[in-house]
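Just the heavy atoms: all of them, side chains too, but no hydrogens, waters or symmetry mates, feed the values below. Letters A, B, ... mirror the listed sequences (proteins, then strands); counts begin at 1.
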Amino acid sequence: GESVGLHLPTLSVQEGDNSIINCAYSNSASDYFIWYKQESGKGPQFIIDIRSNMDKRQGQRVTVLLNKTVKHLSLQIAATQPGDSAVYFCAETGNYGQNFVFGPGTRLSVLP
Amino acid sequence: GAVVSQHPSWVICKSGTSVKIECRSLDFQATTMFWYRQFPKQSLMLMATSNEGSKATYEQGVEKDKFLINHASLTLSTLTVTSAHPEDSSFYICSARDRASGRAFRSTDTQYFGPGTRLTVL
């Protein structure tokens, strides 16, 4: 269902380290998953997506892993940089793909 | 490509007035646009799905008479907050689905988000 009224969990990492942000989804029928990055006062920005027929997809410095057995999605950011500080949301398709259901979000803080 | 704009980016209004927010897809046609609301430190909450040329579909708990949505063209959707009150103060974000014309809908049609509109009702 829709995320409602949850305070954001926070992940703090040292600059240069790898970050792993996790997301659990609820709908076993979901077939498309997306990670978005949202900086303060801005709209979400598309990072990477993955279809349910895949379990891993790589982009530039980012990797998304999908475990359908346990309905778990993760976003790995390599060599985390200060510019990566933001809130990260996972989203899954629901309702025949007409709209996306967003997770509660995770705030990533990169420490110098 | 796939740029979505919103206007205005920030609006302050008096209680009881109406505010219109525009969402435009700048370089693609969007048969479907979505309107979200986001409170501080919270996730996005879908308010309604807007399909070009038809009535919007509202999520449960969203008053359709208060949040009027019009999707008159393939590149423009508007959200009007009528008789705004302080509790309507929020960050309103639209998104548009980039769907190539002439083919069937695919679940992988990605949503692209606008930059958001901050509404402050005094």
Side-chain angles (χ1 to χ4, degrees), chain A residues 1-10 21 23-27 29-54 57 59 64 66 86-109, chain B residues 1-7 9-10 21 23-25 30-51 54 56-62 90-99 104-120:
Chain A
E2 302 287 347
S3 297
V4 291
L6 298 174
H7 291 287
L8 297 174
T10 300
I21 301 171
C23 179
Y25 65 93
S26 56
N27 188 352
S30 293
D31 60 359
Y32 179 54
F33 306 86
I34 315 97
W35 280 100
Y36 288 96
K37 172 186 179 181
Q38 186 179 27
E39 297 176 83
S40 180
K42 298 183 180 180
Q45 176 187 3
F46 174 89
I47 301 174
I48 192 168
D49 58 359
I50 189 168
R51 300 183 71 168
S52 60
N53 61 353
M54 303 172 68
R57 191 167 186 219
V64 55
L66 174 63
V87 176
Y88 290 82
F89 293 99
C90 65
E92 60 178 299
T93 54
N95 192 24
Y96 303 101
Q98 278 295 96
N99 59 300
F100 292 173
V101 175
F102 285 83
T106 298
R107 181 178 299 282
L108 177 63
S109 294
Chain B
V3 178
V4 177
S5 70
Q6 281 183 242
H7 178 80
S9 57
W10 193 6
I21 303 170
C23 176
R24 293 180 186 272
S25 56
T31 54
T32 305
M33 289 183 171
F34 305 88
W35 287 97
Y36 295 84
R37 183 173 180 176
Q38 186 179 35
F39 292 106
K41 298 184 180 180
Q42 294 186 17
S43 188
L44 289 78
M45 295 180 61
L46 180 66
M47 298 175 66
T49 302
S50 168
N51 292 295
S54 63
T57 302
Y58 290 82
E59 294 298 300
Q60 191 173 9
V62 178
S90 189
F91 193 52
Y92 291 88
I93 307 171
C94 74
S95 70
R97 187 186 293 280
D98 183 3
R99 172 181 157 180
F105 169 81
R106 297 176 187 166
S107 63
T108 49
D109 291 338
T110 302
Q111 289 187 31
Y112 295 95
F113 285 85
T117 297
R118 185 164 303 283
L119 171 63
T120 302

Undergrad: Show me the donor-acceptor pairs within less than 3.5 Å that the side chains of residues 39-47 of chain A make with the rest of the protein, sequence neighbours left out.
TA:
none

Undergrad: Would Phe102(A) and Phe113(B) count as a ring-ring contact (aromatic ring centres under 6.0 Å, His included) here? Give the steps.
TA: CA-CA 13 Å; Phe102(A) 285 83; Phe113(B) 285 85; 5.7 Å; yes
Undergrad: Where does Tyr36(A) contact chain B at under 4.5 Å (heavy atoms): side chain, backbone, both or neither?
TA: side chain
Undergrad: Which region of Gln6(B), side chain (C-beta onward) or backbone (N, CA, C, O), has a non-hydrogen atom less than 4.5 Å from a non-hydrogen atom of chain A, or is it both or neither?
TA: neither
Undergrad: Provide the closest heavy-atom pair for Phe91(B) versus Gln38(A) in the form atom of the first, atom of the second, distance.
TA: CE2-NE2, 4.0 Å
Undergrad: Heavy-atom distances under 4.5 Å only: say whether Phe39(B) touches chain A with side chain, backbone, both or neither.
TA: neither
Undergrad: Working to the nearest 0.5 angstrom, can you tell me the gap between Asp49(A) CG and Gln111(B) CD?
TA: 12.0 Å
Undergrad: Would the distance check show the side chain of Ser43(B) and the main-chain N or O of Gly105(A) forming a donor-acceptor pair, the cut-off being under 3.5 Å?
TA: no
